[in-house]
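Input: a single structure, listed below in structure tokens.
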Amino acid sequence: MAEKKEERYEDSELYRIRHSAAHIMAQAVMEMFEPGEAQIAIGPPIAEGFYYDFELPRPLTPEDFPAIEKRMAEIIKEGHKFEKKVVSAKEAKKEFKNQVYKVELIEGLENGGFDEYGEPLDGPPEISFYTHDNFTDLCRGPHVEDTSKINPRGLKLMSIAGAYWRGDEKRPQLQRVYGTAWKTPKDLKRHLWQIEEAKKRDHRKLGKELQIFTFDEEVGPGLPLWSPRGAAIIEELEKLGFEMERKRGYQRVRTPHITKSDLFLRSGHLPYYEESMYPAMEMEGVSYYLKPMNCPFHHKIFASQMRSYRELPMRLAEYGTCYRYEKSGELFGLMRVRSMQMNDAHIYCSEDQFEKEFMAVIDLYLEYFRIFGIEKYVMRLGTHSQAGLGEKYVDNERLWNKTADMVRDAMRNGGIPFVEEADEAAFYGPKIDVQIWSAIGREFSLATNQVDFAQPERLDLKFINQAGKEDVPLCIHRAPLSTHERMIGFLLEHYAGNFPVWLSPEQVRIIPITDKHNDYAVHLQKQMFDLGMRVEADLGSERMGAKIRQAQGFKVPYMLVVGDREVEEETVSLRRRDGEKINDMPVGKFVELMQERIAERSSDL
RNA sequence: GCCACCGUAGCUCAGUUGGCAGAGCAAUCGCUUCGUAAGCGAUAGGUCGAGGGUUCGAAUCCCUCCGGUGGCUCCA
């Protein structure tokens, strides 16, 4: 059993099943068109299935699925062997002379550059075909022995999407058909059930049900409106941020939402980041931009006075509201929006201080993650790409390499595991992002810790060093709590809406059994409200069961049932969100318990 | 932005081949006064996302736009 767990996905039977299913699907799709009409691109297995990319004379729709699935089942039933044949590049190109994408792939292989997914290769690759029935594909395998090894009832076509050839939006867009494949119908059913379950904890659904936030067509896409319940969560996050940062020597600043274009020109935003910015607005012949980031403003505060090395590291923090023009198709609930408030700060330091400051930020991440119980994440070092220099990255390769090394060293010295990914940096420097996954499996960067060697120089930031000479500071941009939007989107899914007490939009709901007990309920409500708690009393004429049901629906952590007994004895009967009951608790004891839980930001109920 | 799909009451969703717009929940008003997940009744609520077209007649067919979903690209 343990051995099985160790098996790499690439070596598994499931991988071969899915890879083979992709070929079979490609055959079925090609047969729908006249010979030569359909172009095929690539069709790999993926995490939970497979896809194949096509260029076809007409768009496919989900209505085509039954016919394709039916044909796939036939091919499977016929039990065609998968046969491998190693060929020369010349033979390969001859076989695929009418398939432009395949020819491009073969050329990539023969020039030793790239594999079929466009990834760079080291050694000289072997070129091979796999053939089953009448369908031959350029493919390195592996596959199942023959098509009958696939269970047609473990297989399902899922969706159609546009996908750019080689992932490049300047190249043709192909039609990608996604499918899922499992060993048994039972596995497929479980997979489909899991998808349904994941949808239940989708923050877009929970956010609506729990009345955390809303979007309005008239306000605009990607511009969330926070309702009182959502705003309560924001306030708690900010409170936490203030506390943590105060202890760690940060100072608060505040800056405007717009600035003259001159500043963004100089900072590098207009040259390297303009695509993500709202267009300029003009007043009296001057153009202004909404800020996509807070950094230039903080830099200007740094630059507003002569700075001494004695002032460093200087840590300027702000929950700044930024606006980014994300393309319409990129928006995603709260996770990807156009207006966002960042848990932002900029740390100005000397090169000597860099490692300590950078790792203090990483420690801060870990501290936050402990509080929230976040365990599933990956830290990723995003570095520049040579191709992007002068385009999406400031053009100074020496400093790119130097600062990336500084980050690598710092992370290794601190013993923090990370993966590295080229072409994932900010325009002004390398960064460590914390990658997390949404309920439906999309990947996002949550926290970020970024080096900025570019803006300090561009904006002429300086300090007087110990030798009495002018020096340029390094800057660390950091947002350990991400943006309110993405953080709360993530937390909604992380907790499945069951926020710990300190974060709960409504911490206590008081439920009088009959309206005789309303006065007592109001009395309790006021008492707790005055202590700063978020507490409601349900004075409706519903029966208690219905009131409990409603409170459960809002995932209120504590429900207090009060009737004759409680009124008489100055107690409450506690029902927790998880169904636990503690009857006849003295009011004072409950309040004490609450305050303790809230103060320590406990994840226990 | 691009490809495919979707848009009916505040929410979840019915609405056959084009023929008078529906249900449950929520809301409001009554009644009910109840011990740990739905008490009963009544009322109100919709330019069927918007605009245009086809038709005797459009929620239903066609076009454009807006918004959303799944992807691609991109990202805190």
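A note on names: the letters A, B, ... follow the listed sequences, proteins ahead of strands, and every chain is numbered from 1.
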Using a strict heavy-atom distance below 4.0 Å, which residues from [range] are in contact with RNA chain B?
| range | answer |
| --- | --- |
| residues 191-212 of chain A | Arg204(A), Lys208(A) |
| residues 215-229 of chain A | Glu217(A), Pro221(A) |
| residues 55-63 of chain A | Pro59(A), Leu60(A), Thr61(A), Pro62(A) |
| residues 379-389 of chain A | none |
| residues 554-572 of chain A | Val561(A), Gly563(A), Asp564(A), Arg565(A), Glu566(A) |

Which part of the nucleic acid does [X] contact within heavy-atom distance under 4.0 Å: base, sugar-phosphate only, or nothing?
| X | result |
| --- | --- |
| Leu446(A) | sugar-phosphate |
| Ser328(A) | base |
| Gln175(A) | nothing |
| Lys431(A) | sugar-phosphate |
| Ser276(A) | nothing |
| Asn583(A) | base |
| Thr483(A) | base |
| Arg336(A) | base |
| Ala161(A) | base |
| Gly167(A) | sugar-phosphate |
| Phe54(A) | nothing |
| Arg442(A) | sugar-phosphate |

Residue list, salt bridge (Lys or Arg N to Asp or Glu O under 4.0 Å) with Arg380(A), at least two apart or on another chain: Glu424(A), Asp433(A)

Lys239(A): partners by salt bridge (Lys or Arg N to Asp or Glu O under 4.0 Å), with sequence neighbours left out: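 In terms of salt bridge (Lys or Arg N to Asp or Glu O under 4.0 Å), with neighbours along the sequence ignored, Lys239(A) is linked to Glu236(A).
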
Sidechain N-carboxylate O distance under 4.0 Å for [X], [Y]:
| X | Y | answer |
| --- | --- | --- |
| Arg58(A) | Asp64(A) | yes |
| Arg204(A) | Asp202(A) | yes |
| Lys205(A) | Glu209(A) | yes |
| Glu69(A) | Lys156(A) | no |
| Glu357(A) | Arg315(A) | yes |
| Arg248(A) | Glu367(A) | no |
| Glu196(A) | Lys199(A) | yes |

Could you give the distance separating [M] and [N] at their [atom1] atoms, to the nearest angstrom?
| N | M | atom1 | answer |
| --- | --- | --- | --- |
| U32(B) | G41(B) | P | 15 Å |
| C31(B) | A37(B) | C1' | 24 Å |
| C29(B) | U69(B) | C1' | 39 Å |
| A14(B) | G24(B) | C1' | 11 Å |
| C75(B) | A4(B) | C1' | 23 Å |
| U8(B) | A50(B) | P | 10 Å |
| C65(B) | A23(B) | C1' | 32 Å |
| A21(B) | G49(B) | P | 14 Å |

How long is the span from the [atom1] atom in [X] to the [atom2] atom in [Y], to the nearest 0.5 Å?
| X | Y | atom1 | atom2 | result |
| --- | --- | --- | --- | --- |
| Phe264(A) | Met293(A) | CZ | CE | 9.0 Å |
| Met340(A) | Leu223(A) | CE | CG | 9.5 Å |
| Ile511(A) | Arg549(A) | CD1 | CZ | 13.0 Å |

Salt bridge (charged side-chain N to carboxylate O under 4.0 Å, His left out) partners of residues 327-339 of chain A, not counting sequence neighbours, each pair once: Glu169(A)-Lys327(A), Glu326(A)-Arg336(A), Glu330(A)-Arg336(A)

Counting only pairs under 3.5 Å, give me each side-chain donor-acceptor contact of residues 551-560 of chain A, with atom names and distances, residues two or more places apart or in other chains.
residue   : atom : partner   : partner atom : Å
Gln552(A) : OE1  : Arg575(A) : NE           : 3.0
Gln552(A) : OE1  : Arg575(A) : NH2          : 3.1
Gln552(A) : NE2  : Arg577(A) : O            : 3.2

Secondary structure of RNA chain B in dot-bracket form (Watson-Crick or G-U wobble, distances below 3.5 Å, | marking inter-strand pairs): (((((((..((((.....[..)))).(((((.......))))).....(((((..]....))))))))))))....

Comparing Ala546(A) and Glu169(A) on RNA chain B - which has the more 5′ nearest nucleotide: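 Going by which nucleotide is closer to the 5' end, it is Ala546(A).
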
Residue closer to the 5' end of RNA chain B, Met342(A) versus Tyr164(A) (nearest nucleotide):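 Residue closer to the 5' terminus by nearest nucleotide: Tyr164(A).
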
Whether His269(A) and Tyr428(A) hold their rings parallel, tilted or perpendicular, with breakpoints at 30° and 60°: tilted

Output field: ring centroids Phe50(A)/Tyr52(A) closer than 6.0 Å: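 That pair fails the under 6.0 Å test.
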
Backbone of [Y] reached by a side-chain donor or acceptor of [X] within 3.5 Å:
| X | Y | value |
| --- | --- | --- |
| Lys431(A) | Thr448(A) | no |
| Glu318(A) | Thr255(A) | yes |
| Gln341(A) | Tyr319(A) | yes |

Please set out all donor-acceptor pairs under 3.5 angstrom arising from side-chain atoms of residues 486-498 of chain A, sequence neighbours excluded.
residue   : atom : partner   : partner atom : Å
Arg486(A) : NE   : Met335(A) : O            : 2.7
Arg486(A) : NH1  : Ser445(A) : O            : 2.6
Arg486(A) : NH2  : Met335(A) : O            : 2.9
Glu493(A) : OE1  : Ala439(A) : N            : 2.4
Glu493(A) : OE2  : His203(A) : N            : 2.8
Glu493(A) : OE2  : His203(A) : ND1          : 2.9
His494(A) : NE2  : Phe372(A) : O            : 2.7
His494(A) : NE2  : Gly373(A) : O            : 3.4
Tyr495(A) : OH   : Phe372(A) : O            : 3.4

Distance-only donor-acceptor check, side chains Trp165(A) and Glu104(A), under 3.5 Å: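 Short answer, yes.
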
Flag if over 12 foreign heavy atoms under 6.0 Å of CD, Glu275(A): no

Close side-chain approach of His517(A) to Glu566(A), heavy-atom, < 4.5 Å: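 Side chain of His517(A) against side chain of Glu566(A), heavy atoms only: no contact under 4.5 Å found.
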
Start and end of chain A contact along RNA chain B [non-hydrogen atoms, under 4.0 Å]: G1(B) to A76(B)

